[in-house]
K.L.:
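Before anything else, here's the structure in question.
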Amino acid sequence: MPDESRDPATEAFVAHRNLLFTVAYEMLGSAADAEDVLQETWLRWAGVDLSVVENQRAYLVRITTRQALGRLRTLGRRKESYVGPWLPEPLLTTPDVAEDVELADSVSMAMLLVLETLAPTERVVFVLREVFDVAYGEIAEAVGKTPAAVHQIAHRARAHVAARRPRGATSPAESRGVLDAFHRAVRTGDLQGLLDVLAPDVVFLGDGGGVAQAALEPVVGAALVAPLLAASRPIQDEAATLRPAQVNGHPALILWLGGEVDTVVALRVENGLITGLYAVRNPEKLSRMERTTPLRR
């Protein structure tokens with residue numbers, strides 16, 4: 001990464017760094033891999049003749065996209081051998097992310113899981129066009145396709161995502177109310193309280209990565225998910241602390257055990273009920289949970 005000596009290349013990279021990280025993270029679902037992509041982007045950017053660069057932001061996004069696309073294909077092979085469900089790496093986010101509804105929607109755990117169902121090029125095109133409003137011509141140059149082909153890919157990806165994305169709108173105030181009720185019920189092991197806030201068809205996904213204990217298959221239905229949460233041993237541990245937080249721009253709970261983050265539980269709330277619970281326990285994915293990560297569009 002660049003040092004703090006403010007030459008023009010460093011100035012430009014630092015000015016756009018949060019944007020580039022967000023682009024890479026939305027394409028990969030992994031903060032660690034997004035950081036690696038930024039490192040590769042910097043190495044290539046440092047060798048560019050800036051006098052021939054008309055739009056530094058667009059040029060940097062193009063480099064980042066190409067690096068992310070290559071890594072996305074590698075990640076796909078890595079996920080095939082992953083133990084249990086694979087969940088995106090959660091990020092502790094600042095209030096401004098939640099206030100930008102489109103950004104919060106695009107980085108939510110639920111949306112990142114939807115993006116996982118796209119082919120690599122479809123995902124990259126969707127993110128650039130729908131989230132960052134990049135022109136079709138610029139996207140075409142970044143992914144090595146014609147603008148006409150990018151139009152078709154974008155149309156296909158948009159339809160694919162629309163059929164799978166969360167539908168029931170919930171206001172921030174309502175989401176906070178659901179989180180508060182869920183927090184109380186989980187903390188006290190209140191089975192009925194859990195059933196009151198869980199949708200009948202709620203889906204619970206746990207990611208331990210073969211390192212931490214977690215459900216190896218999705219748990220579906222409030223009748224199964226509520227007892228699982230009410231009897232959770234880590235949550236009921238006397239040394240455990242359960243705190244509400246904003247994770248990926250949405251309500252979540254963070255379980256601290258022995259002074260360290262043990263589990264992050266992100267919520268998908270639709271029409272006032274929890275339809276998705278995403279519990280990340282793999283310690284390799286929790287390293288950024290003690291500080292906020294700035295995200296930008």
Side-chain angles (χ1 to χ4, degrees), residues 19-31 33-34 37 40-41 55 57-82 85-89 91 97 100-169 201 203 205 218 220 248-250 266 268 270-271 275-276 278 295-297:
L19 164 71
L20 300 177
F21 175 85
T22 308
V23 169
Y25 175 71
E26 293 207 25
M27 291 177 180
L28 301 170
S30 163
D33 286 287
V37 163
E40 294 162 0
T41 298
N55 186 325
R57 179 185 186 274
Y59 199 103
L60 281 163
V61 168
R62 186 160 66 244
I63 298 174
T64 300
T65 297
R66 289 173 178 167
Q67 299 308 311
L69 186 55
R71 188 165 288 256
L72 191 54
R73 294 178 175 127
T74 302
L75 277 177
R77 293 190 291 272
R78 194 194 306 170
K79 290 169 190 170
E80 290 174 3
S81 59
Y82 197 80
W86 181 94
L87 289 175
E89 185 175 346
L91 300 177
V97 174
D100 184 339
V101 176
E102 290 185 4
L103 177 60
D105 177 61
S106 70
V107 298
S108 70
M109 298 289 273
M111 178 56 78
L112 291 175
L113 283 174
V114 171
L115 295 182
E116 284 293 314
T117 64
L118 292 170
T121 301
E122 288 178 335
R123 180 171 185 167
V124 165
V125 169
F126 180 87
V127 167
L128 290 177
R129 183 62 192 163
E130 298 301 312
V131 182
F132 298 97
D133 198 28
V134 177
Y136 285 110
E138 291 180 26
I139 299 174
E141 194 171 347
V143 301
K145 305 281 186 183
T146 65
V150 168
H151 266 280
Q152 289 297 318
I153 294 169
H155 177 77
R156 188 166 63 243
R158 198 178 299 120
H160 181 97
V161 170
R164 293 163 177 80
R165 73 190 311 161
R167 294 184 179 278
D201 58 350
V203 177
L205 296 175
V220 182
N248 290 56
H250 289 268
R268 171 174 170 168
E270 299 177 78
N271 296 319
T275 58
Y278 313 107
L295 299 175
R296 296 289 181 272
R297 283 200 295 159

K.L.:
What is the distance from atom OG of Ser30 to atom CZ of Arg78, rounded to the nearest 0.5 Å?
P.N.:
6.5 Å
K.L.:
Are the side chain of Thr22 and the backbone N or O of Arg297 linked by a donor-acceptor pair below 3.5 Å?
P.N.:
no
K.L.:
Please list all pairs passing the salt bridge (Lys or Arg N to Asp or Glu O under 4.0 Å) test where one or both residues lie in residues 137-147, with sequence neighbours left out.
P.N.:
Arg62-Glu141
K.L.:
Ignoring hydrogens and angles, tell me if any N or O in the side chain of His250 forms a donor-acceptor pair with the backbone of Arg268 under 3.5 Å.
P.N.:
no
K.L.:
Please name the pair of heavy atoms, one in Leu112 and one in Ser106, separated by the smallest distance, quoted to 0.1 Å.
P.N.:
CD2-O, 3.9 Å
K.L.:
So, the side chain of Arg129 versus the backbone of Val134: is there a donor-acceptor pair under 3.5 Å, distance only?
P.N.:
yes
K.L.:
Once rounded to the nearest 0.5 Å, what's the spacing between atom CG of Leu72 and atom CZ of Arg77?
P.N.:
10.5 Å
K.L.:
Is the Tyr82 ring parallel, tilted or perpendicular to the Trp86 ring (thresholds 30°, 60°)?
P.N.:
perpendicular
K.L.:
If I compare all heavy atoms of Ala34 with all of Ala24, which pair ends up nearest, and what's the gap?
P.N.:
CB-CB, 3.8 Å
K.L.:
Mind checking the CG-OG1 spacing from Leu69 to Thr74? Nearest 0.5 Å is all I need.
P.N.:
10.0 Å
K.L.:
Out of Val127, Leu75, Val131, Val37, which residue meets the side chain to side chain contact (heavy atoms under 4.5 Å, CB included) rule with Met27?
P.N.:
Val127
K.L.:
Decide yes or no on side-chain contact (heavy atoms from CB on, under 4.5 Å) for Gln67 and Leu20, but give the supporting numbers first.
P.N.:
CA-CA 11 Å; Gln67 299 308 311; Leu20 300 177; over 6 Å; no
K.L.:
Do Val125 and Arg158 have side chains that approach each other closer than 4.5 Å (heavy atoms only, starting at C-beta)?
P.N.:
no
K.L.:
Quick check: closest heavy atoms across Ala104 and Gly249, and the distance to 0.1 Å?
P.N.:
CB-O, 3.9 Å
K.L.:
With the threshold set at 4.0 Å, does a side-chain nitrogen-carboxylate oxygen contact exist between Arg123 and Glu116?
P.N.:
yes
K.L.:
Would you mind listing every ring pair (Phe, Tyr, Trp, His ring centres under 6.0 Å) that reaches into residues 124-147, with sequence neighbours excluded?
P.N.:
Tyr136-His151
K.L.:
Would you compute the distance between atom CG of Asn248 and atom CG of Asp105 and round it to the nearest 0.5 angstrom?
P.N.:
11.5 Å
K.L.:
Apply side-chain contact (heavy atoms from CB on, under 4.5 Å) to residues Glu40 and Ile63 and explain how you reach the verdict.
P.N.:
CA-CA 9 Å; Glu40 294 162 0; Ile63 298 174; over 6 Å; no
K.L.:
Begin with the C-alpha distance, continue with both residues' side-chain angles, and end with the deciding distance and a verdict on side-chain contact (heavy atoms from CB on, under 4.5 Å) for Thr275 and Val203.
P.N.:
CA-CA 6 Å; Thr275 58; Val203 177; over 6 Å; no
K.L.:
Are any non-hydrogen side-chain atoms of Phe21 and Leu91 less than 4.5 angstrom apart?
P.N.:
yes
K.L.:
Does Glu89 offer a backbone N or O that forms a donor-acceptor pair with the side chain of Tyr25 under 3.5 Å?
P.N.:
yes
K.L.:
If we ignore angles and hydrogens, is there a donor and acceptor under 3.5 Å between the side chains of His160 and Arg164?
P.N.:
yes
K.L.:
Look up atom CD1 in Ile153 and atom CG in Leu118, then write down how far apart they are to the nearest 0.5 Å.
P.N.:
11.0 Å
K.L.:
To the nearest 0.5 Å, what is the distance between CG on Leu113 and CG on Leu205?
P.N.:
6.5 Å
K.L.:
Please report the shortest heavy-atom distance between Pro88 and Met109, naming the atom on each side.
P.N.:
O-CE, 3.4 Å
K.L.:
Would you mind telling me which of Leu60, Thr64, Val124 makes a side chain to side chain contact (heavy atoms under 4.5 Å, CB included) with Val23?
P.N.:
Thr64
K.L.:
Going by the rule side-chain contact (heavy atoms from CB on, under 4.5 Å), which residues pair with Gln152 if we only count those two or more places apart in sequence or in a different chain?
P.N.:
none
